[in-house]
Each structure stands twice: as C-alpha cells, then as structure tokens.
Amino acid sequence: QVQLVESGGGLVQAGGSLRLSCAASGRTFSTGAMGWFRQAPGKEREFVAAISWSGSITYYADSVKGRFTISRDNAKNTVYLQMNSLKPEDTAVYYCAARTSRVATMRGLDYNYWGQGTQVTVSS
C-alpha cells in the first residue's frame, strides 16, 4: 500500500500563492505518475494537474494553466503544486493521487491511491 499525505493548504487572499506538498510513504516503489485533483462544495471532483514519473510530461486543467505548476522530487517521494495568482474559484479541497503506471493521465479513475485532502480557501 501507498499512503499519501497532503500539506500546505490554508487561507489566502485573491492574487496570493500557496504551495501544496504530497508525501508518499509505504510501497513507494510502486508509485508512478501523480496528480492533483480538487473538489469544491456541491461540485464534482475535477482534475487540476498531473505529472509523469520522470517529471518530463505534465498536464494542466485549462482553468489553472499558466498559474499552477506541478513538480516532483522522486528522491523525497514528494509531489508539489505551486499555485500562484489564486482566485476565489480555486477554493476547494485539494487531493493528491498516485497511480502505479508511470504515465500521467487526467482521469481520476486511473489513479490507485488518494490522500485525505487539504483545504484551500481563497478570499476575495
């Protein structure tokens, strides 16, 4: 099993920045591509960003492209989400996810492991 623990969420004003981290533990050798998803109150979970195992391929939702950056440090078994120019509509619980395949995808169903989530609140 792989355990994922997110951190770095909080309250920030619009235009501000936050950096989310997701640390993997357990059977981390089976961790391949990783992604970030979010769910706002009353809405379905949506894709935010994904990164391949090597870090060479990344995908972003159109709504965050140019503002968010996903990266990873395999030596630390950690993936990051740098969020800049935050908007009130970015308010959500952010979830880290990992899959056994090294290929990044944008589909939540492709991911095998999920963290508990971290709350991000952007005030206007």
Side-chain angles (χ1 to χ4, degrees):
Q1 275 286 37
V2 173
Q3 293 79 42
L4 303 175
V5 178
E6 303 98 335
S7 62
L11 173 64
V12 64
Q13 288 188 334
S17 299
L18 282 174
R19 188 193 196 203
L20 304 184
S21 298
C22 173
S25 61
R27 295 170 62 91
T28 56
F29 60 84
S30 64
T31 300
M34 299 186 74
W36 287 95
F37 295 78
R38 67 187 182 187
Q39 186 167 20
K43 296 186 176 182
E44 293 187 351
R45 182 182 63 194
E46 65 174 0
F47 167 77
V48 176
I51 187 167
S52 63
W53 181 85
S54 67
S56 61
I57 297 175
T58 56
Y59 298 114
Y60 295 93
D62 288 343
S63 59
V64 306
K65 204 170 292 183
R67 300 188 298 122
F68 290 12
T69 302
I70 188 170
S71 62
R72 67 188 297 163
D73 184 339
N74 287 345
K76 296 181 179 180
N77 295 314
T78 301
V79 65
Y80 306 95
L81 186 68
Q82 177 66 44
M83 305 186 296
N84 299 327
S85 302
L86 283 161
K87 304 175 181 180
E89 50 264 43
D90 294 318
T91 295
V93 176
Y94 283 70
Y95 296 93
C96 172
R99 62 186 308 232
T100 53
S101 169
R102 295 186 173 189
V103 177
T105 76
M106 296 183 283
R107 289 200 323 164
L109 292 175
D110 292 334
Y111 289 81
N112 307 99
Y113 307 104
W114 291 83
Q116 292 299 308
T118 184
Q119 176 70 47
V120 171
T121 303
V122 184
S123 62
S124 57

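All residue numbers in this chain count up from 1 along the given sequence.
- In the hydrophobic clustering of ILVMFWY residues, with side-chain heavy atoms under 4.5 Å counting as a link, Trp114 and Phe47 come out together.
- Residue-environment remark: CD (Gln116) stays at or below the threshold of 12 foreign heavy atoms within 6.0 Å.
- Ile51 is connected to Val2 through a chain of hydrophobic side-chain contacts under 4.5 Å among Ile, Leu, Val, Met, Phe, Trp and Tyr, so both are in one cluster.
- Interatomic distance, Ile70 CD1 to Gln82 CD, rounded to the nearest 0.5 Å: 12.0 Å.
- Every residue was checked against the side-chain hydrogen bond (donor to acceptor under 3.5 Å, both in side chains) condition with Ser124, not counting sequence neighbours, and none meets it.
- Between Cys96 and Trp36 the shortest side-chain heavy-atom distance falls below 4.5 Å.
- In the hydrophobic cluster analysis, where Ile, Leu, Val, Met, Phe, Trp and Tyr join through side-chain heavy atoms closer than 4.5 angstrom, Tyr60 is grouped together with Leu18.
- Side-chain contact between Met83 and Val12 is absent, with no heavy-atom pair separated by less than 4.5 Å.
- Listed here is the closest heavy atom pair of Ala49 and Leu81: CB-CD1, 4.1 Å.
- Ser63 is listed as a side-chain neighbour of Arg38, based on a closest heavy-atom distance under 4.5 Å.
- Taking SG of Cys22 as the reference point, atom CZ of Arg72 lies at 9.5 Å (rounded to 0.5 Å).
- Summarising the geometry of Thr78 relative to Ser21, their closest heavy-atom pair is CG2-CB, 4.4 Å, with the distance given to 0.1 Å.
- A distance of 12.0 Å separates CD1 in Ile57 from OG1 in Thr105, rounded to the nearest 0.5 Å.
- In terms of hydrophobic clustering, with Ile, Leu, Val, Met, Phe, Trp and Tyr side chains grouped at heavy-atom distances under 4.5 Å, Leu86 and Val48 are assigned to a common cluster.
- Between atom OH of residue Tyr113 and atom CE of residue Met34 there is a gap of 11.5 Å, rounded to the nearest 0.5 Å.
- Under the side-chain hydrogen bond (donor to acceptor under 3.5 Å, both in side chains) criterion, Ser85 pairs with no residue at all, not counting sequence neighbours.
- Note that CZ of Arg99 is 11.0 Å distant from OG of Ser52, once rounded to the nearest 0.5 Å.
- For the ring pair (Phe, Tyr, Trp, His ring centres under 6.0 Å) criterion with Phe37, the lone passing option out of Tyr95, Tyr94, Tyr59, Tyr111 is Tyr111.
- In this structure, CZ in Arg102 is found 8.5 Å from OG in Ser54, a value given to the nearest 0.5 Å.
- Looking at Leu11, Leu20, Thr91 one by one, the single match for side-chain contact (heavy atoms from CB on, under 4.5 Å) with Val120 turns out to be Leu20.
- Heavy-atom neighbours of Lys65 NZ from other residues, nucleotides or ligands within 6.0 Å: above the threshold of 12.
- Annotation: side-chain hydrogen bond (donor to acceptor under 3.5 Å, both in side chains) contacts of Gln119 (sequence neighbours excluded): Thr121.
- Both Phe68 and Val122 belong to a common hydrophobic cluster when Ile, Leu, Val, Met, Phe, Trp and Tyr are linked at side-chain heavy-atom distances under 4.5 angstrom.
- Between Ala24 and Leu4, the closest heavy-atom pair is CB-CD2, 3.6 Å.
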